[in-house]
Q: 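So that we are looking at the same thing, I have put the structure below in structure tokens.
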Number of protein chains: 2
Amino acid sequence: MQIQGIQKILREKGLKVTPQRVAILGALHEMHNHPTAEMIIEHIRETYPNIAMGTVYNILETFVRHGIVNKVNTDEDAMHYDGVTSMHHHLYSPETGQIEDYMDEQLNKMLTDYFQEKNITNFEIEKISLQIKGKFINN
Amino acid sequence: MQIQGIQKILREKGLKVTPQRVAILGALHEMHNHPTAEMIIEHIRETYPNIAMGTVYNILETFVRHGIVNKVNTDEDAMHYDGVTSMHHHLYSPETGQIEDYMDEQLNKMLTDYFQEKNITNFEIEKISLQIKGKFINN
DNA sequence: GTATGTGCAAACTTTTTGCACTTCG
DNA sequence: CGAAGTGCAAAAAGTTTGCACATAC
């Protein structure tokens, strides 16, 4: 995605367009490996050497609040982040920490239909995602 | 579950039966609210006043390694733990932090069948679980 | 110009670690 | 008795916060 696309996303949410925000959201869209805050900083430090830790955490939290970034929960301490907000799932290996997107429209439809019909009474569903735990093979 | 049942679980895994382990596994089986390490300590402190933090973390890690306890990943910092190891899912509200079990045999079968047929090539599945994010209603 | 955002460092929270002592089998 | 487990306290890792300064709009 070009920088204009990033800026548009921010403006549409009423967020001020700052170089830090553009860099972080850009990084999340390039990286595709569900980085931690630490990994994001490392990635953007080349083009943005003096960004502050606290700023990165603040910005990520803002993005999550506005729904343009999602948290990816794992068994590890550090939080991982995901720039892809459309419905998808994750393959996850607790041993190596590797996380891969698992996109599957057929599965999405199956789950959406299932819960539409099921209609859980005391809960309003906002988002459904599968965590598929296991091992990556020869990789 | 009585104390004998807890001891049996530990012995079957080749783990030494210590009062600390019995207390923690017992707590996890009573609690049903996916407690953090902190919450577990608070819960067992009545009957076990001088258990050490480090011991609780060590024991939980041992249990997870032996598959008798699972980690429950959320958007929060602190890890949550679950004494139920059979296939099930979670309703989760990021706003309040509340986590509830969602048990559904029909869903389990649907998912298991789906992935059996699908056969992802580069990944060996060990465990599938849905995180259903949203809001609990009047509760 | 003003509300909002950022840098920085300190503080806080959660988890891990090292080592002496203890306990289970 | 010996291997494994525990207590404790210090340290590490991850995240949040407060405040002065800077910037987007």
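None of the values given here were measured: they were computed from a predicted structure. Naming: A, B, ... by sequence-line order, numbering from 1 per chain.
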Q: For B/Glu95, is there an ion pair with B/Lys133 - N to carboxylate O distance below 4.0 angstrom?
A: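 Salt bridge between B/Lys133 and B/Glu95, a charged N being under 4.0 Å from a carboxylate O: no.
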
Q: Could you tell me if B/Asn73 and A/Asp75 have a donor-acceptor pair between their side chains, going purely by distance under 3.5 Å?
A: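 On atom types as modelled, these side chains qualify, holding a pair under 3.5 Å.
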
Q: Quickly work out the A/His80 NE2 to D/dA13 C1' distance and round it to whole Å.
A: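 That distance rounds to 13 Å.
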
Q: Judged by modelled atom types alone, do A/Asp82 and A/His90 share a side-chain donor-acceptor pair under 3.5 Å?
A: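 Yes, because at least one side-chain N or O of A/Asp82 sits under 3.5 Å from a partner of the opposite role on A/His90.
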
Q: Looking only at side-chain N and O atoms, does A/Gln106 offer a donor or acceptor that is under 3.5 Å from a partner on B/Lys118?
A: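 The answer is yes; a qualifying pair exists.
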
Q: Please check if the side chain of A/Thr55 supplies one atom and the backbone of A/Ile51 the other of a donor-acceptor pair under 3.5 Å.
A: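 No; zero donor-acceptor contacts below 3.5 Å.
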
Q: Nearest of D/dG14, C/dG5, C/dG7 to any side-chain atom of A/Arg21?
A: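 Between D/dG14, C/dG5, C/dG7, the one nearest the side chain of A/Arg21 would be C/dG5.
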
Q: Show the distances under 3.5 angstrom between N or O atoms of the protein and N or O atoms of nucleotides 17-25 of chain D.
A:
residue : atom : partner : partner atom : Å
D/dC25  : OP1  : A/Val17 : N            : 2.9

Q: Rounded to the nearest Å, what distance is computed from the CD atom of residue A/Glu42 to the P atom of nucleotide D/dA13?
A: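 Interatomic distance, CD of A/Glu42 to P of D/dA13: 14 Å.
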
Q: Determine, stepwise, if the pair A/Glu61 / A/Lys71 fulfils salt bridge (charged side-chain N to carboxylate O under 4.0 Å, His left out).
A: CA-CA 9 Å; A/Glu61 206 48 45; A/Lys71 291 187 172 183; 3.5 Å; yes

Q: Set out, in order, the CA-CA distance, both residues' side-chain angles and the distance that settles side chain to side chain contact (heavy atoms under 4.5 Å, CB included) for B/Leu15 and B/Arg11, then state yes or no.
A: CA-CA 6 Å; B/Leu15 294 169; B/Arg11 271 198 218 93; over 6 Å; no

Q: Separation of B/Met79 atom CE from D/dT15 atom C1', in whole Å?
A: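 Those two atoms, CE and C1', are 15 Å apart.
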
Q: CD of A/Glu61 versus P of C/dG5: gap in Å, rounded?
A: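 After rounding, the reported distance stands at 14 Å.
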
Q: Separation of A/Tyr48 atom OH from C/dT6 atom P, in whole Å?
A: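 Roughly 8 Å, once rounded to whole Å.
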
Q: Considering the terminal five base pairs at each end of the helix from C/dG1-D/dC25 to C/dG25-D/dC1, what angle separates the two local helix axes, rounded to 10°?
A: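 Overall, the helix from C/dG1-D/dC25 to C/dG25-D/dC1 bends by 50° from one end axis to the other.
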
Q: Between A/His89 and A/Asp101, does any side-chain donor sit less than 3.5 Å from a side-chain acceptor?
A: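 No, no side-chain donor-acceptor pair sits under 3.5 Å.
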
Q: Compare side-chain N and O positions of B/Gln20 against OP1 and OP2 of C/dT23 and report whether any pair is under 4.0 Å apart.
A: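 For C/dT23, neither OP1 nor OP2 has a side-chain N or O of B/Gln20 closer than 4.0 Å.
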
Q: Could you check how far CG of B/Leu60 sits from C1' of C/dT16, rounded to whole Å?
A: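 That distance rounds to 13 Å.
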
Q: Rounded off to whole Å, could you give me the CG-to-P distance for the A/Asn50 and C/dA9 pair?
A: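 In whole Å, C/dA9 P and A/Asn50 CG are 12 Å from each other.
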
Q: Do A/Asn50 and A/Tyr48 have a side chain donor and acceptor closer than 3.5 Å?
A: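 No pair is found: no donor N or O on one side chain lies under 3.5 Å from an acceptor on the other.
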
Q: Could you tell me how far apart B/Asn73 (CG) and C/dT15 (C1') are, to the nearest whole angstrom?
A: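 Interatomic distance, CG of B/Asn73 to C1' of C/dT15: 15 Å.
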
Q: Among D/dG7, D/dG14, C/dT14, which nucleotide sits nearest the side chain of A/Glu38?
A: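 It is D/dG14.
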
